[in-house]
Each structure stands twice: as structure tokens, then as C-alpha cells.
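Encoded as C-alpha cells, the structure appears first; notes follow it.
Since we're looking at a predicted model, the values are computed, not measured. These values consider heavy atoms only, across backbone and side chains, with no hydrogens, waters or symmetry-generated copies.
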Amino acid sequence: MMLKQQPPFSPRRAAPDMAQMDAVLQSCGLRLSRIQIEQLWAYHSLLRERNADLNLTRVHNFANMVLKLYADSMLPADFLELPSPLLDLGTGPGMPGIPLRIYRPVLEVILAESRGKRVDFLKEAVARLGLSGLSVEPGRVTERFERPVAGVITRAVETIEKTLERVTGCLSQDGLVILMKGPHCAEEIDRAQARFPGAYTLVSDRSYRIPGTNHARRLIVFRRADEPLYSRRARAMEGRAVRAITSEQNPLFKELKKTLTGRGIQKSGQALVSGEKLVGEILSAHPGCCRAWVSRPEQP
């Protein structure tokens with residue numbers, strides 16, 4: 001009878017721990033303090049704990065998670081000085097925003113996510129980590145989102161052109177849009193520059209690899225040149241009184257109503273102008289001609 005030879009005994013491989021995480025990060029040139037490693041480990045543990053139910057990431061191997069998720073999220077902080085507050089657009093389970101906030105504690109990071117279950121996870125992560133300067137912005141960010149930020153960062157898959165359009169409501173003048181892309185995005189850059197001449201300027205285009213991997217990345221940075229609508233509106237309203245109109249019998253309301261007719265415009269020398277694009281153009285080109293801003297309380 002032939003007996004199958006048994007392999008030599010080998011002890012079970014030890015489960016990954018914080019020391020192994022630290023070693024992988026150091027191999028990428030990323031040096032974190034003991035407290036930072038503990039914070040990142042707490043985030044990693046929660047991500048692993050919730051991933052089965054919420055499908056937060058398809059990366060499951062420990063080393064790959066540290067390299068492709070956490071290290072990749074932190075590397076941009078070594079390539080440029082990140083602006084603050086920084087909006088992490090389409091953050092998903094919190095990347096790059098949470099690792100970045102751990103790596104650069106002085107940053108204020110806003111995690112923007114529209115999917116409800118992921119928003120719940122982000123709130124749980126923020127509460128468990130107890131980090132100041134880290135908040136969650138639920139809902140979809142569009143051009144109407146006007147929370148002022150100095151920078152936007154995203155690992156999302158949408159085109160550069162769409163991202164630049166999406167953040168026009170919130171990104172401050174001279175603010176940065178930092179796009180973590182794959183290596184083949186030259187056509188996207190060209191289309192974005194053609195779409196927004198004078199509004200955005202390409203200031204950096206850096207190709208790199210995550211150390212120790214063949215994972216090629218490209219960091220694209222645009223700087224905003226024009227002024228956002230919220231800033232133009234505030235400048236146009238400087239020194240102006242704010243009055244609430246609560247009745248159709250209000251004399252000012254009656255005066256404004258007349259400007260809806262050609263005769264009223266001719267008589268008063270005033271006109272009501274509506275529409276975000278047209279109002280923005282007038283505020284930009286002729287701010288001295290603007291007498292008042294009229295809107296409902298519940299509207300932007």
C-alpha cells in the first residue's frame with residue numbers, strides 16, 4: 001500500500017496586526033506615529049467588520065487593503081500641500097478622506113457621499129475614531145452645493161470635466177481640484193481644458209506608482225481661476241439691508257411686481273432678472289447695476 005506523504009508541520013500564519021500595517025506603510029515611505037497607526041487600525045477593523053453586509057470594498061487581502069486603499073489615499077499628501085477645508089467627493093467608505101485626515105491631522109476633511117448605507121457607515125466611523133475636523137456631508141454634490149471649500153479631492157471614476165462642473169458652486173477662487181486617476185487620462189484633461197477656458201488652470205500632472213506594486217496612478221491638479229457664485233453674490237450684497245416681504249400688500253412687493261411688465265421697466269428703470277447663469281453673468285460683469293437679490297427663504 002502506498003501512503004501519501006504528509007507535508008512538514010507548519011504553524012498557522014499569524015493574523016495581520018498593527019505592526020504589519022505599519023511595516024507595509026513604511027515600505028511606501030509613509031511614517032505614522034503610534035497614535036496614527038492605532039487610528040488607522042480602528043478604521044481598518046470597522047471596514048472589515050461592516051464590509052460583508054455593506055459591500056464597501058472589493059479589496060479583501062490585507063496587504064492590498066493597506067497598499068491600494070490606505071497608502072494610495074495618503075500619498076497625495078506627500079506630493080503637494082493639501083488645502084483645508086478639503087471636500088472628499090464621492091468618498092464611498094471614506095477614501096481618501098479618512099486616511100488623509102489621520103495622516104495630516106491639521107486638515108479639515110468633509111466626506112461627501114450620497115448612498116445612504118455608506119453615509120451611515122461614515123457617521124459610525126467618524127464617531128468611533130473621534131477625530132475633530134472630520135465630518136460627513138450626506139447627499140449628492142451638484143453645482144448648487146455652496147458650502148465653501150478650499151479644495152476638492154476625489155478617487156471617483158467620473159470624467160474630469162464632470163467633476164470640475166460639479167464643484168463650481170462650492171470651490172473657492174484659487175481652490176484646488178485634486179483628481180486621483182489612472183494613467184490613461186490625457187484625453188480627459190484636454191476635454192476639461194477646452195470646456196473651462198479661463199475658469200480652471202492645470203497646475204500639476206504627476207505620474208507615479210504605489211511603492212512595491214505595479215499599480216500606476218496619475219495625480220491631476222486644477223486650480224480655479226474664476227469666482228464662485230456665492231462669493232459674487234456676497235460681494236454684490238455688501239452694505240445692503242436684508243428685508244423680509246411677508247405680504248402682497250407690501251409697497252416694495254408691489255413695486256417689484258410692476259417690473260414684470262415692459263411698461264413697469266420703462267417707468268422704474270429697473271428689471272427683474274432670473275436664472276442662475278444669467279444672474280451669475282450680471283453679478284460678474286455689472287455688479288454696480290445690481291440693486292437687490294430676491295429669493296424665497298427655502299431656496300439657494
Quiz prompt | Salt bridge flag under 4.0 Å for residues Lys123 and Glu113 | solution = no

Quiz prompt | Rounded distance [0.5 Å steps], CG in Leu107 versus CG in Leu134 | solution = 10.5 Å

Quiz item: Between Phe222 and Phe196, is the gap from one ring center to the other below 6.0 Å?
Solution: no

Quiz item: Among Ile102, Leu40, Leu69, which one satisfies side-chain contact (heavy atoms from CB on, under 4.5 Å) with Met74?
Solution: Leu40

Quiz prompt | Closest non-hydrogen atom pair between Pro228 and Thr168, with its separation | solution = CB-O, 3.9 Å

Quiz item: Is the NZ or CZ atom of Arg218 positioned over Tyr208's six-membered ring, under 6.0 angstrom from the centre and within 45° of the axis?
Solution: no

Quiz item: Less than 4.5 Å apart, any side-chain heavy atom of Leu87 and any of Cys170?
Solution: yes

Quiz prompt | Parallel, tilted or perpendicular: rings of Tyr43 and Phe121 (30°, 60°) | solution = tilted

Quiz item: Do NZ/NE/NH1/NH2 and the carboxylate oxygens of Glu108 and Arg101 come within less than 4.0 Å?
Solution: no

Exercise. Identify whether the distance between the nearest side-chain nitrogen and carboxylate oxygen of Arg147 and Glu137 falls below 4.0 Å.
Key: yes

Quiz item: Distance from Leu129 atom CG to Glu124 atom CD, nearest 0.5 Å?
Solution: 10.0 Å

Quiz item: Are Arg291 and Glu255 within salt-bridge range, i.e. N to O under 4.0 Å?
Solution: yes

Quiz item: Using 4.0 Å as the upper bound for N to carboxylate O, is an ion pair formed by Asp72 and Arg155?
Solution: yes

Quiz item: For the residue pair Leu100 and Ala77, what are the closest heavy atoms and their distance?
Solution: CD2-CB, 3.8 Å

Quiz item: Is there side-chain contact between Leu80 and Val221, with heavy atoms separated by less than 4.5 Å?
Solution: yes

Practice problem: Report the C-alpha distance between Arg195 and Glu165 in whole Å, list the side-chain angles of each, state the deciding distance to 0.1 Å, and finish with yes or no for salt bridge (Lys or Arg N to Asp or Glu O under 4.0 Å). | Solution: CA-CA 9 Å; Arg195 171 77 183 279; Glu165 181 178 20; 3.2 Å; yes

Practice problem: Please determine, by modelled atom types, if Asp78 and Tyr103 share a side-chain donor-acceptor pair under 3.5 angstrom. | Solution: yes

Practice problem: Take Glu49 and Arg128 through the test salt bridge (Lys or Arg N to Asp or Glu O under 4.0 Å) and record every step on the way to the result. | Solution: CA-CA 13 Å; Glu49 181 184 337; Arg128 181 174 296 193; 3.7 Å; yes

Self-check item: Heavy-atom closest contact (Cys28 atom, Leu67 atom, distance)
Solution: SG-CD2, 3.4 Å

Quiz item: Which heavy atom in Gly94 sits nearest to a heavy atom in Asp88, and how many Å separate them?
Solution: C-OD2, 4.2 Å

Exercise. Drop me the distance from Thr259's OG1 to Lys257's NZ, to the nearest 0.5 angstrom.
Key: 11.0 Å

Quiz prompt | Ile37 side, atom CD1; His44 side, atom NE2 - distance, nearest 0.5 Å | solution = 11.5 Å

Exercise. May I ask you to decide whether Arg223 forms a salt bridge with Asp174, counting only side-chain N to carboxylate O separations under 4.0 Å?
Key: no

Quiz item: Are any non-hydrogen side-chain atoms of Pro93 and Arg118 less than 4.5 angstrom apart?
Solution: yes

Practice problem: Grab the two heavy atoms, one from Val152 and one from Leu86, that are nearest each other, plus how far apart they are. | Solution: N-CD1, 3.7 Å

Quiz item: Side-chain donor-acceptor pair under 3.5 Å between Thr163 and Glu158, yes or no?
Solution: yes

Exercise. Run the numbers on Asn214 and Arg209 for side chain to side chain contact (heavy atoms under 4.5 Å, CB included), then give the verdict.
Key: CA-CA 7 Å; Asn214 293 321; Arg209 291 183 184 275; 4.2 Å; yes

Practice problem: Step by step, work out the salt bridge (Lys or Arg N to Asp or Glu O under 4.0 Å) result for Lys181 and Glu188. | Solution: CA-CA 10 Å; Lys181 303 289 290 185; Glu188 283 189 42; 3.1 Å; yes

Quiz item: If you take all heavy atoms of Ala192 and Leu164, which pair is closest and at what distance?
Solution: CB-CD1, 3.9 Å

Quiz item: Heavy-atom count around His286 NE2 within 6.0 Å, excluding the residue itself: above 12?
Solution: no

Exercise. May I ask you to say whether Arg224 pairs ionically with Asp226, meaning some side-chain N is under 4.0 Å from a carboxylate O?
Key: yes

